[in-house]
There are 2 protein chains.
Amino acid sequence: MSKQELPIIDAGVDVAGAACCAPLVCEPLSESEAAELAPLFKAIADPVRLRLLSLIACHEGGEACVCDLTVAFDLTPPTISHHLKVLKQAGLIDSERRGTWVYYWINPSMLERLAVVLGPRVAATT
Amino acid sequence: MSKQELPIIDAGVDVAGAACCAPLVCEPLSESEAAELAPLFKAIADPVRLRLLSLIACHEGGEACVCDLTVAFDLTPPTISHHLKVLKQAGLIDSERRGTWVYYWINPSMLERLAVVLGPRVAATT
DNA sequence: TCCACACATAGATATCTGTCAAATTAGAGC
DNA sequence: GCTCTAATTTGACAGATATCTATGTGTGGA
């Protein structure tokens, strides 16, 4: 399951780590960058998966077992399982079996990567 | 076409404008928040639309006419038109006809909103 | 060994989505 | 008015996706 090593998209961030602007807005996304980012956005472009991601991230200890998640939805366990698989294949979450239960936790770097593409600066203008 | 006034999702940003963390990671997304965000992410969850957004944002003057965009893809005008419509209905871009041509520009606040949900802080840890 | 429980996979199905060709609308210039 | 060009709308269709039921796979306890 090493989905980790996607070539990080540089764009729009200088050496100091200070961002000039959202890469998306800085210079046109290449075809390959777009092809690589789209599946990530697609993975979170679903209300159930957005909530799953959020539930997992906010759960005590930064991880949650499937049973914790299933009860939060009006969906059957296989459906939840399906959505978790989609998130995992995108690299947004990871999992491990511990005894009877399977635990999931998020991969923050992937989330951050998406955030940076859209706009790396803090919402300071409010 | 007033798609503007979606109730901004507060979450995770204190009064000073400094963000404590990504709302998604701060506290569980409500069902309605998720239902509202998912279509936005869905709109950008396509390689063509990602590039369209980027091309528009980066184009001189911050706007581009459809003819500028169409030539950048191996797709027919109706297909480009379809994708632009999806982006516009999501509120991510707006448009105006000026003479023969139709110009599109992005709505930065919508992009920022998505960025904030995923992670409001700058990618400082690199 | 056997059963109960947690979760995943497989298969089926209805719906959504991306694409194109054809037809339509809207301006500009003659 | 007529015609050319720009862009959108419509209709059709193949492929993807979300969901369910039924079945399979691990794990722990009696």
Side-chain angles (χ1 to χ4, degrees), chain A residues 1 3 29 31 34-53 55-56 59 61 63-90 92-105, chain B residues 1 3 29 31 34-53 55-56 59 61 63-90 92-105:
Chain A
M1 303 299 166
K3 255 282 193 170
L29 231 46
E31 212 166 324
E36 193 184 302
L37 285 170
L40 288 178
F41 283 118
K42 197 168 285 188
I44 62 170
D46 178 281
V48 174
R49 290 197 290 268
L50 270 178
R51 285 185 61 212
L52 277 174
L53 214 52
L55 281 170
I56 293 171
H59 202 267
E63 56 180 27
C65 86
V66 181
C67 54
D68 294 326
L69 303 170
T70 305
V71 297
F73 297 87
D74 231 9
L75 296 167
T76 62
T79 299
I80 300 298
S81 208
H82 161 71
H83 286 299
L84 288 170
K85 189 178 184 180
V86 172
L87 288 170
K88 184 168 181 177
Q89 284 180 333
L92 289 160
I93 60 176
D94 216 334
S95 69
E96 182 188 22
R97 171 164 218 136
R98 287 207 283 279
T100 308
W101 297 278
V102 176
Y103 291 86
Y104 283 85
W105 59 88
Chain B
M1 300 298 167
K3 255 284 193 169
L29 231 47
E31 212 165 326
E36 193 186 301
L37 283 170
L40 287 179
F41 282 118
K42 198 167 284 188
I44 62 169
D46 178 281
V48 174
R49 291 198 288 270
L50 270 178
R51 286 184 61 211
L52 278 173
L53 214 52
L55 281 170
I56 293 171
H59 202 266
E63 56 181 28
C65 88
V66 180
C67 54
D68 293 326
L69 302 170
T70 306
V71 298
F73 297 87
D74 232 10
L75 297 167
T76 62
T79 299
I80 300 299
S81 207
H82 161 71
H83 286 300
L84 288 171
K85 190 179 183 179
V86 171
L87 287 171
K88 185 168 180 177
Q89 284 178 334
L92 288 160
I93 58 176
D94 216 335
S95 69
E96 183 189 22
R97 170 162 218 136
R98 288 207 283 277
T100 309
W101 297 277
V102 176
Y103 290 85
Y104 282 85
W105 58 89

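Proteins get letters first, then strands, A, B, ... in listed order; numbering begins at 1 in each. Every value quoted in this text rests on a predicted model; they were computed, and no experiment measured them.
Under the rule for a side-chain hydrogen bond (donor to acceptor under 3.5 Å, both in side chains), Thr100(B) has no partner lying at least two apart in sequence or in another chain. Judged as a side-chain contact (heavy atoms from CB on, under 4.5 Å), and not counting sequence neighbours, the contacts of Ala45(A) are Phe41(B), Lys42(B), Ala45(B). Considering only residues two or more places apart in sequence or on other chains, Ser81(A) meets the side-chain hydrogen bond (donor to acceptor under 3.5 Å, both in side chains) condition with none of them.
No engagement by Phe73(A) is indicated, since no non-hydrogen atom pair under 4.0 Å with the nucleic acid exists.
Taking 4.0 Å as the cutoff to heavy atoms of chain B, we find the contact window on DNA chain C bounded by dT17(C) to dA28(C).
Across all their heavy atoms, Pro47(B) and Ala34(A) have their closest contact at O-CB, 3.6 Å. Taking each heavy atom of Arg49(B) and Ala43(B) in turn, the nearest pair found is NE-O, 2.5 Å. Shown here for Ser95(B) and Val102(B), the closest heavy-atom pair between the two residues is CB-CG1, 4.2 Å.
Listed by residue number, the members of residues 77-86 of chain A with any heavy atom below 4.0 angstrom from DNA chain D are Pro78(A), Thr79(A), His82(A), His83(A).
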Which protein N or O atoms sit under 3.5 Å from an N or O of nucleotides 26-30 of chain D?
none

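Rounded to whole Å, atom P of dA16(D) lies 16 Å from atom NZ of Lys42(B). Rounded to an integer number of Å, the gap from Phe41(A) CZ to dA16(D) C1' is 20 Å.
In this structure, the side chain of Arg51(B) does not engage the main chain of Phe73(B) through any donor-acceptor pair within 3.5 Å.
In this structure, Glu36(A) CD and Leu29(A) CG are separated by 9.5 Å, a value rounded to the nearest 0.5 Å. Atom CD1 of residue Ile93(A) and atom CG of residue Leu87(A) lie 4.5 Å apart, to the nearest 0.5 angstrom.
Inter-residue side-chain proximity for Leu84(B) and Leu69(B) is flagged as met; some heavy-atom pair is nearer than 4.5 Å.
Projected onto DNA chain D by closest heavy-atom contact, Val102(B) and Asp74(A) fall at different nucleotides, the more 5' of which corresponds to Val102(B).
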